[in-house]
2 protein chains.
Amino acid sequence: MAVFDSTTNQRTACPVTRVQQMVAGKWKIILLWHLTHGTHRFHELQQLTGISKGTLTRQLRELEADGLIQRHVFGEVPPRVEYSLTDAGHSFLPILDQMAAWSEQHFQGE
Amino acid sequence: MAVFDSTTNQRTACPVTRVQQMVAGKWKIILLWHLTHGTHRFHELQQLTGISKGTLTRQLRELEADGLIQRHVFGEVPPRVEYSLTDAGHSFLPILDQMAAWSEQHFQGE
DNA sequence: CCGGATCCCAGCAGATACTG
DNA sequence: CAGTATCTGCTGGGATCCGG
């Protein structure tokens with residue numbers, strides 16, 4: 001893959017690719033979107049999206065690993081875990097906005 | 001925008017989802033990126049990206065179906081097919097730019 | 001030789017049951 | 001409540017063949 005970057009190359013498609021991969025999960029973007037409205041608990045996100053627990057956990061962990069969201073664990077019973085955007089996550093929002101705007105224009109009339 | 005549909009797990013959280021789906025393919029974004037530099041032939045895109053033929057065909061067809069690129073077939077031998085961005089495709093570029101910019105910031109220091 | 005169709009397999013998402 | 005473990009099915013990318 002990596003577009004040949006031998007000697008001559010234009011800066012390759014790469015930076016964008018990273019983002020693509022970060023956001024590649026089926027639910028990543030929706031989760032980010034929901035978190036723009038503020039902190040959410042695990043169960044809330046599950047309700048909002050309808051994702052199964054296993055998948056939700058996986059997606060959240062990946063977003064966390066990519067540094068887009070934070071996971072606050074309140075180490076008590078009953079368990080309570082809240083998810084929120086990191087600074088990096090917030091800095092990503094304009095992209096979501098732009099995507100939303102583009103989408104509405106592109107799909108207007110459907 | 002209907003946020004969720006309680007009965008089924010169908011959520012249409014936002015227009016962003018549409019974009020996510022449009023761009024979900026592993027190579028979609030890279031292909032768009034390459035096409036920003038101008039029209040390209042099938043084989044050129046293959047060289048640039050290293051994608052296998054089958055996959056390349058599929059991704060290009062999907063982009064075409066989504067109205068982002070155009071496919072010009074020169075019905076002769078040897079075969080010649082050129083791909084270029086549509087207007088919609090061009091209107092999508094700012095998003096790519098923003099993603100690239102964000103990416104470089106986010107990953108700086110690696 | 002160029003572009004595409006077909007088949008095959010990895011990887012990811014969904015469902016369910018279990019744990020602290 | 002918020003996970004983890006596991007099994008299964010499907011999507012979709014890669015390698016291989018096909019038509020001109």
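Labels below follow one simple rule: chain letters A, B, ... track the order of the sequence lines, proteins then strands, and each chain is numbered from 1.
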For this session: Name all residues meeting the side-chain contact (heavy atoms from CB on, under 4.5 Å) criterion together with B:A24; count only those two or more places apart in sequence or in a different chain, and write none if there are none.
Result: none
For this session: Return the value, rounded to whole Å, for the distance between atom CD1 of B:I51 and atom P of D:dG13.
Result: 9 Å
Problem set entry | Contact under 4.0 Å: A:R61 side-chain N or O vs D:dT4 OP1/OP2 | yes
Problem set entry | Separation of atom CG in B:L56 from atom C1' in D:dT16, rounded to whole Å | 16 Å
Exercise. Which of the following nucleotides, C:dG20, C:dC2, C:dA15, is nearest to the side chain of A:P79?
Worked result: C:dG20
Exercise. Expressed in angstrom and rounded to an integer, what is the separation of B:K26 atom NZ from D:dT11 atom C1'?
Worked result: 14 Å
Exercise. Quick one: B:Q59 CD to D:dG14 P, roughly how many Å, whole number?
Worked result: 8 Å
Problem set entry | From D:dA15, C:dC2, D:dG3, nucleotide with atom closest to B:H43 side chain | C:dC2
For this session: Looking only at side-chain atoms of B:T57, point me to the closest of D:dC1, C:dA5, C:dC2.
Result: C:dA5
Exercise. How close or far is atom P of D:dC1 from atom NE2 of A:H40, stated in whole angstroms?
Worked result: 17 Å
Exercise. Is the closest side-chain donor-acceptor distance between B:W27 and B:T55 under 3.5 Å?
Worked result: no
Problem set entry | Within 6.0 angstrom of B:E44 CD, more than 12 heavy atoms from elsewhere | yes
Exercise. Can you tell me how far P of D:dG3 sits from CZ of A:F42, to the nearest Å?
Worked result: 5 Å
For this session: Taking the side chain as every heavy atom from C-beta outward, state whether A:K28 and A:M22 have any pair of such atoms under 4.5 Å apart.
Result: no
Exercise. Just checking A:Y83: base, sugar-phosphate only, or nothing, at a heavy-atom cut-off of under 4.0 Å?
Worked result: sugar-phosphate
For this session: Considering just the side-chain nitrogens and oxygens of B:R41, establish if one lies under 4.0 Å of OP1 or OP2 belonging to C:dG3.
Result: yes
Exercise. Within the structure shown, what part of the strands sits under 4.0 Å from A:R58 by heavy-atom distance: base, sugar-phosphate, or nothing?
Worked result: base
For this session: Provide, to the nearest angstrom, the distance between the CZ atom belonging to B:R80 and the C1' atom belonging to D:dG19.
Result: 20 Å
For this session: Tell whether B:T55 reaches the base of D:dG14 with its side chain through a donor-acceptor pair below 3.5 angstrom.
Result: yes
Problem set entry | Length of the line joining B:K53:NZ and C:dC7:P, which is rounded to integer Å | 18 Å
Exercise. In Å and rounded to the nearest 0.5 Å, what is the CG to CG distance from A:L68 to A:L35?
Worked result: 10.0 Å
Exercise. Reckon A:Q46 touches a base, only the sugar-phosphate, or nothing at all at heavy-atom distances under 4.0 Å?
Worked result: nothing
